[in-house]
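Here's the structure we're looking at; comments come further down.
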Amino acid sequence: PFHCSLMRPARDQMARLLADAAAPLTPRFAYYPNRTARPTQEPTVIYELLIDQIEHPVLWRQSVTQMMERGITRGIEFGPGKVLAGLAKRIERLERLSEDVGREHPRLGFGLRITTLVRDTTEEAWRDAEAKVAKMAAETGQSSWGGHRGAVGQQRLLELTERGEV
C-alpha cells in the first residue's frame with residue numbers, strides 16, 4: 001500500500017525523523033524525486049518530497065525518463081530487493097523500443113504496452129499469449145487453464161480489444 005493514504009503513520013514517522021535530523025547539506029548531485037519528476041538540489045525541498053511521496057502517488061516513469069534524458073545510467077536504491085532497478089530497466093527498454101519503431105503511445109502498463117508496440121496484429125498477440133498460457137499450464141501439470149478470464153490484467157486487455165484499442 002505504499003504511495004497512498006494508508007501510509008500516513010509511516011509518513012508522520014518519517015517527518016519526525018527528518019525534523020530531528022541534522023540540517024541537510026546541498027547534495028553534490030541532483031535528486032530526482034518520484035513525486036514531481038523534476039530534479040532538485042534544494043535540501044529542504046528534498047526532505048519535503050521524501051516525506052510527501054510516502055502517502056501520495058508518484059511519477060516513477062517520468063522520473064526515470066528525466067534521468068535517461070540527462071544521461072544518468074546509475075542510481076542508488078535503498079531498501080530490500082531491486083524492484084526500482086527492475087522497473088527502471090523496463091522503462092528504458094520501452095522508451096528505446098518506442099523510438100525504434102517510431103511510435104509513441106499513451107502508457108497503459110508495461111505488459112500491455114509491449115504487446116502494442118511489438119505486435120503487428122491483435123491476432124498475433126493473442127496467439128502468442130495463448131501459447132504462453134498453454135506452456136504455463138503444461139509446466140504446472142494441468143491439461144489447460146480452463147479458459148480462465150478472471151485476471152484483472154487479462155480482463156483489461158479483453159476490454160481494450162473490444163474497443164479496438166489493442
* To do: Measure from the side-chain N and O atoms of Arg35 to the backbone N and O of Pro57, and report whether any donor-acceptor pair falls under 3.5 Å.
  => yes
* Asked: Checking Ser63 side chain against Pro33 main chain: does a donor-acceptor pair fall under 3.5 Å?
  -> yes
Quick one: pull up [atom1] in [X] and [atom2] in [Y] and give me the separation to the nearest 0.5 Å.
X     : Y     : atom1 : atom2 : value
Ile46 : Glu42 : CD1   : CD    : 8.0 Å
Asn34 : Leu50 : CG    : CG    : 8.5 Å
Glu92 : Met67 : CD    : CE    : 11.0 Å
Leu18 : Ile51 : CG    : CD1   : 4.5 Å
Leu6  : Ile54 : CG    : CD1   : 13.5 Å
Met68 : Thr73 : CE    : OG1   : 11.0 Å

* Go through the steps to decide whether Arg28 and Gln41 satisfy the test side chain to side chain contact (heavy atoms under 4.5 Å, CB included), and finish with yes or no. => CA-CA 8 Å; Arg28 193 167 144 208; Gln41 287 182 272; 5.8 Å; no
* **Co-membership, hydrophobic cluster, residues Leu87 and Leu59, 4.5 Å side-chain** => no
* Asked: Any chain of hydrophobic side-chain contacts (each under 4.5 Å) joining Val45 to Met14?
  -> yes
* Do Val64 and Tyr32 pass the side chain to side chain contact (heavy atoms under 4.5 Å, CB included) test, and can you show the C-alpha distance, the side-chain angles, and the key distance before you say yes or no? -> CA-CA 8 Å; Val64 171; Tyr32 287 78; over 6 Å; no
* Closest approach of Gln62 to Ala37 (non-hydrogen atoms, all atoms of both residues) -> CB-CB, 3.7 Å
* Structure fact -> For Tyr47 and Ala22, the nearest pair of non-hydrogen atoms, with its separation, is OH-O, 3.7 Å
* Show the numbers, then the answer: is there a side chain to side chain contact (heavy atoms under 4.5 Å, CB included) between His3 and Gln53? => CA-CA 6 Å; His3 308 303; Gln53 58 95 27; 3.1 Å; yes
* Give a yes or no on whether Arg11 atom CZ has more than 12 heavy-atom contacts from other residues, nucleotides or ligands under 6.0 Å away. => yes
